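Fair warning: this is a prediction, and the values are worked out from it, not measured in the lab. Note that ligands are numbered from 1 as they come in the structure, with each ligand's atoms numbered from 1 the same way.
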Amino acid sequence: MTFAQIDEATDLGFLSRQRGQGQLGHWIGGRSVAGVGDHLPVLCPWDGAELAEVPLGGAAEVEAAVAAAAAAFPAWRDRNVRERAQVMFRFRTLLAEEIDELARGISAENGKTFAEAKAELMKGMEVVEFATALPHLAPGRIAEVAAGIDCMVTREPLGVVASVTPFNFPAMVPLWTIPTALTTGNTMILKPSEQAPITALRIAKLLDRAGLPAGVFNVVHGGRAAVEAILEHPEVRAVSFVGSTPVARAVYRRGTAHDKRVLALGGAKNHLIVMPDADPDLTAKAVLEAATGCAGQRCMAASVLVAVEGSEPMLERLAERARALRVAVDMGAIISRAAADRIQGAIGRAASEGAQLVVDGRAPRLPAALGEGYWVGPTVLDGVSATSPVAREEIFGPVLSVVRVRSLDEALAIENGNDFGNAAAIFTESGAAAREVARRASAGMIGVNVGVPVPRDPFGFGGWNESKFGVGDITGEGSIGFWTRDKKVTMRWSLR
Ligand code: NAD
């Protein structure tokens, strides 16, 4: 395939237009603030070209952003929730109008395909829609609790809150938190991933155009130092985090030790159990999409395929489909050279420990123009031992480990034995087998003939075990409770 063909298939001509953005600023108090000190290059995973430089903010930038957010809070809190929701209506319209340009930016900084970038924006827009319904979803309650005495409960915002997000969904994960946190009356600081920080600034500008007052939403760039400054700042009341499990655990502990409300979503190792009665074609298609979508860089990615004896025909179709997948057209790139090297190393170690490399993605065929990019093709390892690292640890790449078992009980024991607990799925025609997995899998999100079982609003997104630290979910009904505190007013207005 020539570069021109790839260009046509994935609309890559836009890549050159994303370069040369220079030094990004922080977004504080409704304007861009130049970074001082160290900057990191933001590299395009497709071809390794530099797109921009991101400043590494720290305590001073967090202090300035908290001051702006704290100053904006009283007036924003005092607006009626319907007025705040109106800003979200306008924001939703702007996201829809700008969706193609935003998707091109996401594709360039993250490496995913244009279609995947657009899909993540559409998922993020669903949360904006949820927030526009908050006047109806969270109106508070009132009841007579004793003769002549009424108790009224209202949901009040917390104040200045923060959201720390990973590289793999530069728009969707920020949009899991921004709409609900702001519409419930909080003001916010977003700390996006330093590996994919550009989209966050585009979101800030769209919120500004939607009429959000200055200081209600701020962006501080950086890495660990910026996050730790947020976690230790006394005026930040709540922190939402999404990223890898070791960092999620550390953020949860540090944030709660500083008296904050913290919800920290971590990594994953999702098991897909395939029964012999599952439709081989439909299952192979769904499993491959779940394993290779966003090049496997999703916390919902299928990572372990637990194949129950008799499901061999599906495994053959899966391998055929994996070989036919077009790298750089159907599947995008890996975020960095270091991540691609790490994934390739994990494949090599599994093979040397005895796993069978049915499809080897370590050297995908690519046109010369993409030679400097970061690539791993679809990879299928068969005969993997349930105790090996590729079957237990998060790889975060397009690598599917097939573990063969004799029974559903054995499959469930493997799923239950893993430390993570984000998602699990079963492919079957049997309602009884599906029910068994829904009841016994140790994961927060379960799929039945669905490889990526993402709950849609109003249902909340969130895993179990080492995939989540804290209470509640990051989206949906549970998120309203995270971003608010109840006020209980007890009133006697009786004339008797
Ligand atoms: P990461 O943990 O490296 O980084 C996440 C965020 O934390 C970034 O903003 C980063 O700057 C910051 N950070 C990094 N090291 C830190 C430290 N020591 N202290 C404080 N902050 C730090 O994650 P990533 O590589 O950007 O994203 C991939 C990970 O995110 C995967 O493990 C994936 O499973 C997970 N993820 C989980 C979900 C979920 O919903 N559970 C969703 C998306 C991604």
Ignoring hydrogens, just give me the one of [options] whose non-hydrogen atom is nearest [atom].
atom: atom 1 (P) of ligand 1; options: G463, C299, S244; answer: S244
atom: atom 6 (C) of ligand 1; options: V247, N270, T165; answer: T165
atom: atom 5 (C) of ligand 1; options: V164, L56, V242; answer: V242
atom: atom 37 (C) of ligand 1; options: G267, G266, A264; answer: G266

(request) Report yes or no: does F169 have a heavy atom closer than 4.0 Å to ligand 1? (result) no
(message) With a cutoff of 4.0 Å, is G223 in contact with ligand 1, counting heavy atoms of the residue only?
(response)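 It does; at least one heavy atom falls under 4.0 Å.
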Whether the [X] and [Y] side chains hold a donor-acceptor pair (N or O, under 3.5 Å, no angle test) is what I'd like checked.
X: T184; Y: N186; value: yes
X: S303; Y: K269; value: yes
X: H221; Y: E194; value: no
X: N465; Y: S442; value: yes
X: T199; Y: E109; value: yes

(message) Would K191 and F241 count as a cation-pi pair here, with the cationic atom under 6.0 angstrom from the ring centre and within 45° of the axis?
(response) no
I need the nearest protein heavy-atom contact for [atom]: residue, atom name and distance, please.
atom: atom 35 (C) of ligand 1; result: G243 O, 3.0 Å
atom: atom 19 (N) of ligand 1; result: R224 CG, 3.4 Å
atom: atom 34 (O) of ligand 1; result: E394 OE2, 2.6 Å
atom: atom 28 (C) of ligand 1; result: F396 CE2, 3.5 Å
atom: atom 27 (O) of ligand 1; result: P166 CB, 3.3 Å
atom: atom 7 (O) of ligand 1; result: F241 CE1, 3.2 Å
atom: atom 12 (C) of ligand 1; result: V227 CG2, 4.2 Å
atom: atom 10 (C) of ligand 1; result: E194 OE1, 3.6 Å

Out of all atoms in ligand 1, which are within 4.0 Å of some heavy atom of [X]? Include the element for each.
X: S193; value: 9 (O)
X: W176; value: 40 (O)
X: N168; value: 43 (C), 44 (C)

(message) Looking at every heavy atom in both E53 and E50, which two are closest together, and how far apart are they?
(response)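 Scanning both residues, the minimum pair turns out to be CG-OE2, 3.4 Å.
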(message) Looking at every non-hydrogen atom in both residues, tell me the closest pair between V219 and A204 and how far apart they are.
(response) CG2-CB, 4.2 Å
(request) For atom 23 (O) of ligand 1, decide whether some protein heavy-atom distance is shorter than 4.0 Å. (result) yes
(request) Output all residues satisfying ring pair (Phe, Tyr, Trp, His ring centres under 6.0 Å) with W176, sequence neighbours left out; order by chain, then residue number. (result) F461
(request) Please state which part of F420 comes within less than 4.0 Å of ligand 1, counting heavy atoms only: side chain, backbone, both or neither. (result)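 Contact part for F420 vs ligand 1: neither.
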(message) Just to be sure I read this right, does ligand 1 sit under 4.0 Å from the backbone of F461, its side chain, both, or neither, counting only heavy atoms?
(response)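 For F461, the contact with ligand 1 is made by the side chain alone.
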(request) Kindly confirm or rule out an N or O of Q195 lying under 3.5 angstrom from an N or O of ligand 1. (result) no
(request) Just do the salt bridge (Lys or Arg N to Asp or Glu O under 4.0 Å) check on R209 and E98 with the steps written out, would you? (result) CA-CA 12 Å; R209 279 173 58 197; E98 305 273 323; 3.6 Å; yes
(request) Give a yes or no answer on whether the side chain of S467 reaches the backbone of F420 with a donor-acceptor pair at less than 3.5 Å. (result)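 Between the backbone of F420 and the side chain of S467 there is no qualifying donor-acceptor contact (under 3.5 Å).
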(message) Are more than 12 heavy atoms, taken from residues, nucleotides or ligands other than R19, located less than 6.0 Å from that residue's CZ atom?
(response)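 Yes, because the 6.0 Å sphere around CZ of R19 holds more than 12 heavy atoms from other groups.
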(message) Run the side-chain contact (heavy atoms from CB on, under 4.5 Å) test against P378 and tell me which residues pass, sequence neighbours left out.
(response)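 For P378, the residues satisfying side-chain contact (heavy atoms from CB on, under 4.5 Å) (neighbours in sequence not counted) are T292, A322, L325, V327, M331.
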